[in-house]
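Working notes, beginning with the structure itself.
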Amino acid sequence: MRCPLAPPARRHMLAETAGVARMTDTLDPKDWRAFRATAHDLLDACIDRLESAAAHPWQPVPETVKAGYALTGAAHGEAETAARLIAEVLPHGTGNTHPRFWGWVHGTGLASGLLSEMVAATVNANCGGRNHGMIHVERAVIDWTRRIMGFPETASGVLVTGTSQATVLALAAARHRALGPEVRHKGLQHRLTAYAGEGVHNATRKAIELLGIGADNLRRIPETEAGMDLAALRAAVAADRAEGARPFAVIGTAGSVDFGRFDDLDRLADAARAEGLWLHVDGAFGAWTRLADPPWRALSDGIERADSLALDYHKWIYVPYDCGLCLIREEPEHYAAFAARPAYLAGHGEGLAGGDPWFCDYGTDLSRGARALKVWTAIETHGAAGLGAAISGNCRAAARMGATVEASAHMALCAPVISNLCVFTADATLPPEAQSALNRQISEALQLEGTAVFSTTEAQGITCLRAAITNHRTTPADVDAAIAAVAAKARALTAAGAPPLQTDGDQDVP
Ligand SMILES: *Cc1c(COP(=O)(O)O)cnc(C)c1O
């Protein structure tokens, strides 16, 4: 039967006159043998790069290379393109594959990622739903993580880009519990308030803004050594209730981004229950202390009591970017916040349209890649014990760095080393402003030299050097070499009279 909208004869004629490719042309390689050789060369180049990661710190991208990325739209074929990937793209990464990269909280990648990404690209699955293998891989990854985190079998999850996105989803489910299904139709009809420690990550603020709650309604609760001050939390909740607001969620932190602090999650869960608040935990990297040795494991005790948990696999499970998880304790609450399928997406039967539940009903993305495969491959390759040993090793490296700093003549810690972060100043004998300028200069100089990557953060009114160690390639020798380099740089710069740098210490830390 002919389609009344576009008769084949007319369609054919249009194609001919427009010079469109013939029906026998595809975008597949014209010569698969040549393509195979090209792909093998590229794979070798990638493996060479990873094998020699220690020789490749971050370096600024040359202007000629940047300019060369501009696209003209001309076709060059696979072989020429692969050669350009090797020469012009491969060498200019973030440098977070290097053993002395500790800037911000960056994961460092796994060789097993090469394996999973080849398969993911080949299968090219759309994991929004339907009935195919990658859906089951994702379910297996979520189920494994659920068990590690101690969540009940009633929990559900969905893989997303990272903790930022997972926080949006989790707090949307919390908002739905507070306001009911009406919120999906009418929007916010009440003023909601949420609570988090002062060190809460910016991702929570962005999520609160995006959900229409407004950043002013995210109350910052002072922190003690044991995390959020719970008396202050209760007082803030009572004050908001008295004003007619609806307190709906408290956000606990398992591993703060600047100091690696942990809220006392057990006590926070008690407080959340007493106040009738949804407990969301930002466990971006710190949730994975569940796999670590004592004493670090205990830092995340109580995480299993959260209503929702956001975490990353691209930091402490080290998988290539990007991959995070939104885990929600009660599946019906997760589903109710997002499920919405028009007729053309109806799931049914044993065919490809089966496979319920579909992941698109648990978040905002409809089309989704096979993110789970790199996690599944990492766990299959290294096991929980191997990954846990690397995580414990990172905490040991931070402790070693802290001890070296404390043993030195001029350096000093700016905050206690709790997990995998070490925040310190290169010369505590200088006035605060001079320390800040010196630390910024050292950070930048060591990055430019390719010696080590420290980022900076503010502590006690000083811009400090900050090492966030989520790097399975870091050895004790790397820690010692980097601290020696900081000391040498500090001596050289203070001898030279260290003019204050104009660089801005304020950065949006990932
Ligand atoms: C990195 C981080 C985030 C943001 O996660 P992304 O994966 O970058 O979106 C949130 N919270 C903490 C504590 C983090 O370290």
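Quick note: residue numbers are just sequence positions, from 1.
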Exercise for the section: Quick one: closest heavy-atom pair of R305 and L279, and the distance? Expected result: O-CD2, 4.4 Å
Handout entry: Between T289 and S300, a side-chain donor and acceptor under 3.5 Å
Key = yes
Fill in the blank from the handout: In this structure, CZ of R368 is separated from CD of E138 (nearest 0.5 Å) by 4.0 Å
Practice task
May I ask you to decide if the ring planes of F101 and H106 are parallel, tilted or perpendicular, using 30° and 60° as cut-offs?
Solution key: tilted
Exercise for the section: Kindly determine whether T161 and D365 satisfy side-chain contact (heavy atoms from CB on, under 4.5 Å), including the steps that lead there. Expected result: CA-CA 10 Å; T161 48; D365 293 329; 5.8 Å; no
Handout entry: Contact check, side chains of D240 and Y195, non-hydrogen atoms, under 4.5 Å
Key = yes
Problem - Aromatic ring pairing Y321/H314, orientation class (parallel under 30°, perpendicular over 60°, tilted between) - result: tilted
Handout entry: 4.5 Å side-chain heavy-atom contact, I213 and L188
Key = yes
Practice task
Answer yes or no: is there a side-chain heavy-atom contact under 4.5 Å between L110 and T381?
Solution key: no
Exercise for the section: Please name the pair of heavy atoms, one in S256 and one in F259, separated by the smallest distance, quoted to 0.1 Å. Expected result: OG-N, 3.4 Å
Practice task
May I ask you to say whether D270 pairs ionically with R273, meaning some side-chain N is under 4.0 Å from a carboxylate O?
Solution key: no
Handout entry: Backbone N/O of D322 and side chain of K374: donor-acceptor pair under 3.5 Å
Key = yes
Exercise for the section: Answer yes if the side chains of T425 and N439 hold a donor-acceptor pair under 3.5 Å, and no otherwise. Expected result: yes
Practice task
Could you tell me whether the side chains of S116 and W376 share a donor-acceptor contact shorter than 3.5 Å?
Solution key: no
Problem - Lys/Arg-Asp/Glu bridge criterion (N-O < 4.0 Å) met for D361, R341 - result: yes
Problem - Distance under 6.0 Å and angle within 45° of ring axis: R130 vs W358 - result: yes
Problem - Heavy-atom side-chain contact between T97 and T108 under 4.5 Å - result: no
Handout entry: Pair D312-T163, side-chain donor/acceptor within less than 3.5 Å
Key = yes
Practice task
Pick out which of N394, L421, I391, D478 makes a side-chain contact (heavy atoms from CB on, under 4.5 Å) with I469.
Solution key: N394
Practice task
Taking atom types as modelled, find out whether T463 and R440 have a side-chain donor-acceptor pair closer than 3.5 angstrom.
Solution key: yes
Practice task
Look at the side chain of S392 and the backbone N and O of D293, then say whether any donor-acceptor pair between them is shorter than 3.5 Å.
Solution key: yes
Practice task
Scan W296, W316, Y313, W104 and name whichever one has a ring pair (Phe, Tyr, Trp, His ring centres under 6.0 Å) with F285.
Solution key: W316
Problem - R139 vs H136 side-chain heavy atoms within contact, under 4.5 Å - result: yes
Problem - Passing candidate, salt bridge (Lys or Arg N to Asp or Glu O under 4.0 Å) with E275, options R234, R241, R246 - result: R241
Problem - Close side-chain approach of H201 to T253, heavy-atom, < 4.5 Å - result: no
